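Data block below; observations after.
For clarity, every value in this text was computed on a predicted model and none was experimentally measured.
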Amino acid sequence: MKRLVYFIVSTLLLVSCGKKTQTIELNSPDDLAGHSVATIAGCAYEKDLSSRTDINCQLYNSSSDLLQALLSGQTEIAMYDEVVYNAIIRKENGIKIAMLGDQSYPTAFLFRKDDSELVRTFNAVQRRMIEDGTMQKLIDFWLTDKFAEAESYTHIPSEASGKPLRVATVLPTAPISFLVDGEWYGIEIDLLRELAKELHRPLEVKLYDNASGFMAVQSGQADVMCGVVFVTPERQEKFLFSEPYHSYHTAYFVLDHDVQAQSHGIIAWIKKGIHKTLIVENRWRLIVDGLLKTLKISILAILLGSILGVGLYSMMKSRRKWVRSCAAVYRSFIAGIPELVLLLIMFYVVFSNTGVSPDIVAIITFALFFASGVSNIYKASLDAIPCGQTEAGLALGFTKSQSFFNIVLPQAFRIGLPLYKGQCISLLKGTSIVGYIAIQDITRAGDIIRSRTFDAIVPLLFVTILYFLLVWLIGALIKLASPKKNVL
């Protein structure tokens, strides 16, 4: 608890301190020399920046992380799409567009290489929208900041049933694709809704990281990818693209000295942050849903992993050498591979095109890791009980099973429970990576909120507090389950 309080107080003090700002003037790409420039990992801009040796290139995972790096002074210039930080976001956060790039990038939707029929259907829908003026209306609303003045957004609900049109979006940011009260909106979402209506299929949108989005389409976990996807020769070798619906320019965002000079007190900052994080657009529902998802995956993985751990322990104690060897190989494999790598392999390779939900994949993956760790706990706890305890039970007339359950197991339980608690806590915290396979857990819920508010501090504080409470709850429950020592 002391560490949590220290973290919160330190964060508040950091936020309350005045920020040193300096307006950077840019007139051409040559002016970037000597500055630190950041963009999103995996985007088309990364190649341009990485090839330059006269700048300090930095890469981030999301638009909210990129903005926070600019605001905190970790980078001087943020290079990204011109529409991502609209006029209201720029004013609230004190940034401005210092320069627009000369080159424009055609943006389209990405499909699998073998899904040419779906691409032709989408192109036909898009041409029809251009001809009847629908496309221009969407552009005028979403790409001119008019959407920011709207109090709510509407769309025609789909009544179709059957196999959904699975969409992988890699940019959960207005006006491209963003989540409000459980519904997805944005210019690219509207275009995909038209495609779904043409196909008489419901639309299913899931959020992926940039690299994971490509993997989702390639492995068949998604039918189409959106999120300002630029058409490049390298991508055309592996994927199909629709006809471009728009061309975006590069924008170079810097701190606006005049706006940054304004200061706010801690109390006002806290109230505003809580309001934006929980109240606006009912974002508290994202936190609650994420909490339930984390609990579901953690509890089921612990239960399944505990059962598998018994089997693995039995293999470790088997009289057959080849069985013990299999157990040793499995334990060595699990110990030598990161959880994230195995999770991606299980989702994009092992369970690709099987229809198994991401939740089940995550539960199985974490159960496999948990089984390896808990089998070692079983072994250490049971081996710590002297063989004489069993022999004494047999001498008193107990059967072998009765000796184990009545004499050996209670003592081993007391020894192994603290280790088991640590394993449970480790699994709980490890589930924070499930967002890579489009599961909206607590961490991913915080990411979605940050993508709307562009406030990194308050959502992360809520996520931190929730994980702390969950860890405390696990400790309390295991403490209640601990056998009481007899007092003589």
For this session: Before accepting this row, confirm whether a basic side-chain N of the pair Arg90/Asp256 lies closer than 4.0 Å to the acidic partner's carboxylate O.
Result: no

Problem set entry | Tyr85 ring center near Phe253 ring center (under 6.0 Å) | yes

For this session: Verify whether one side chain among Tyr60 and Thr39 offers a donor that lies under 3.5 Å from an acceptor in the other.
Result: no

Problem set entry | Non-hydrogen atoms of Ile433 and Leu343 that approach each other most closely | O-CD2, 3.8 Å

Exercise. Would you say the side chain of Glu237 lies within less than 4.5 Å of the side chain of Pro233, judging by non-hydrogen atoms?
Worked result: no

Exercise. Distance from Leu470 atom CG to Ser298 atom OG, nearest 0.5 Å?
Worked result: 7.5 Å

Problem set entry | salt bridge (charged side-chain N to carboxylate O under 4.0 Å, His left out) between Arg283 and Asp181, worked out | CA-CA 7 Å; Arg283 290 170 185 155; Asp181 204 8; over 6 Å; no

For this session: Sequence neighbours left out, what pairs pass ring-ring contact (aromatic ring centres under 6.0 Å, His included) with at least one residue falling in residues 92-144?
Result: Tyr45-Tyr105, Tyr105-Phe230, Phe109-Phe122, Phe109-Tyr245, Trp142-Phe147, Trp142-Tyr153, Trp142-Phe178

Exercise. Hey, does Ile287 have a side-chain heavy atom less than 4.5 Å from the side chain of Ile449?
Worked result: yes

Exercise. Between Lys296 and Asp359, is there a side-chain N and carboxylate O pair less than 4.0 Å apart?
Worked result: yes

Exercise. Can you tell me if Glu188 uses its side chain to pair, donor with acceptor, with the backbone of Val228 under 3.5 Å?
Worked result: yes

Exercise. Just wondering, do Thr107 and Val231 contact through their side chains at under 4.5 Å, heavy atoms?
Worked result: no

For this session: Starting at CG of Leu26, measure out to NE2 of His35 and round the result to the nearest 0.5 Å.
Result: 6.5 Å

For this session: Could you give me the CA-CA distance, side-chain angles and deciding distance for Asp31 and Glu25, then say whether side-chain contact (heavy atoms from CB on, under 4.5 Å) is met?
Result: CA-CA 8 Å; Asp31 295 335; Glu25 300 296 335; over 6 Å; no

For this session: Go through Glu131 and Arg128 one step at a time and tell me if the salt bridge (charged side-chain N to carboxylate O under 4.0 Å, His left out) criterion holds.
Result: CA-CA 5 Å; Glu131 293 173 358; Arg128 185 179 68 232; over 6 Å; no

Exercise. Will you find, in the side chains of Thr134 and Asp132, an N or O donor that is under 3.5 Å from an N or O acceptor?
Worked result: yes

Exercise. Are Thr173 and Ser63 linked by a side-chain donor-acceptor pair shorter than 3.5 Å?
Worked result: yes

Seminar exercise, completed: Here the pair of heavy atoms bringing Val167 nearest to Leu192 is CG1-CD1, 3.5 Å

Exercise. Is Glu194 salt-bridged to Arg127, going by a charged N under 4.0 Å from an acidic O?
Worked result: no

For this session: Look only at the side chain of Arg235 and the backbone of Phe241, and say whether a donor-acceptor pair between them is shorter than 3.5 Å.
Result: no

Exercise. So, for Ala251 and Leu100, which heavy atoms are closest and what is the spacing to 0.1 Å?
Worked result: CB-CD2, 3.8 Å

Problem set entry | Check: Val37 main-chain N/O paired with Gln58 side-chain donor or acceptor under 3.5 Å | no

Exercise. Which value, rounded to the nearest 0.5 Å, describes the distance between Ser352 atom OG and Ile345 atom CD1?
Worked result: 13.0 Å

Problem set entry | Pro338 and Val341, any side-chain heavy atoms less than 4.5 Å apart | yes

Exercise. Would you say the side-chain atoms of Glu281 pair up with the backbone N or O of Val180, donor to acceptor, closer than 3.5 Å?
Worked result: no

For this session: Taking all heavy atoms of Leu308 and all of Ala371, pick out the closest pair and write down the distance.
Result: CB-CB, 3.6 Å

Exercise. Ring centroid separation for Tyr208 and Phe214, is it under 6.0 angstrom?
Worked result: no

Seminar exercise, completed: Note: Ser36 and Thr75 closest approach over all heavy atoms is O-OG1, 3.1 Å

Exercise. Can you list the steps and then say if Lys137 with Asp140 is a salt bridge (charged side-chain N to carboxylate O under 4.0 Å, His left out)?
Worked result: CA-CA 5 Å; Lys137 291 180 181 178; Asp140 290 341; over 6 Å; no

Problem set entry | Leu59 side chain near Ile40 side chain, heavy-atom distance below 4.5 Å | no

For this session: Determine, step by step, whether Lys276 and Asp455 satisfy the salt bridge (charged side-chain N to carboxylate O under 4.0 Å, His left out) criterion, reporting the C-alpha distance in whole Å, the side-chain angles of both residues, the deciding distance to 0.1 Å, and the verdict.
Result: CA-CA 9 Å; Lys276 290 170 60 178; Asp455 177 7; 5.5 Å; no

For this session: Using a strict cut-off of less than 4.0 Å between a Lys/Arg side-chain nitrogen and an Asp/Glu carboxylate oxygen, indicate whether Asp223 and Arg201 qualify as a salt bridge.
Result: yes

Exercise. In terms of side-chain geometry, is the basic nitrogen of Asp441 or Lys293 positioned less than 4.0 Å from the acidic oxygen of its partner?
Worked result: no

Problem set entry | From CD1 (Ile297) to CG (Leu292), nearest 0.5 Å | 11.5 Å

Exercise. Are any side-chain N or O atoms of Ser426 and backbone N or O atoms of Gln423, one a donor and one an acceptor, separated by less than 3.5 Å?
Worked result: no

Problem set entry | side-chain contact (heavy atoms from CB on, under 4.5 Å) between Gln218 and Arg112, intermediate numbers included | CA-CA 6 Å; Gln218 196 168 26; Arg112 286 193 305 277; 5.9 Å; no

Exercise. Can you check whether Arg285's main-chain N or O pairs, donor with acceptor, with Asn282's side chain at less than 3.5 Å?
Worked result: no

Problem set entry | Ile130 and Gln136: CA distance, side-chain angles, deciding distance, side-chain contact (heavy atoms from CB on, under 4.5 Å) verdict | CA-CA 7 Å; Ile130 294 175; Gln136 190 59 47; over 6 Å; no

For this session: Give a yes or no answer on whether the side chain of Thr277 reaches the backbone of Ile274 with a donor-acceptor pair at less than 3.5 Å.
Result: no

For this session: Compare all side-chain heavy atoms of Phe351 with those of Ile364 and state whether any distance is below 4.5 angstrom.
Result: yes

Exercise. Sub-3.5 Å donor-acceptor pair from the side chain of Asn210 to the main-chain atoms of Ala41, do we have one?
Worked result: yes

For this session: Check for a donor-acceptor pair, side chain of Gln440 on one end and backbone N or O of Asp289 on the other, with a separation under 3.5 Å.
Result: no

Problem set entry | Residue pair Thr169 / Ser177, side-chain donor-acceptor N/O under 3.5 Å | yes

Exercise. CG of Asn27 to OH of Tyr252: how many Å apart, nearest 0.5 Å?
Worked result: 12.5 Å

For this session: Given side-chain contact (heavy atoms from CB on, under 4.5 Å), test Leu368 with Tyr330 step by step and report yes or no.
Result: CA-CA 10 Å; Leu368 293 176; Tyr330 173 80; 3.4 Å; yes

Exercise. Hey, what do you get for CG (Asn56) to CD (Gln74), rounding to the nearest 0.5 Å?
Worked result: 11.5 Å

Exercise. Does the Arg193 side chain pair with the main chain of Pro202, one donor and one acceptor, at a distance under 3.5 Å?
Worked result: no

Problem set entry | More than 12 heavy atoms from other groups under 6.0 Å of CG on Asp54 | yes

Exercise. Does some side-chain heavy atom of Leu118 sit less than 4.5 Å from a side-chain heavy atom of Leu165?
Worked result: yes

Problem set entry | Validation row: Cys226, Ile176 side chains within 4.5 angstrom (heavy atoms) | no

Seminar exercise, completed: What one should report as the nearest heavy-atom pair of Leu110 and Val217 is CD2-CG1, 3.8 Å

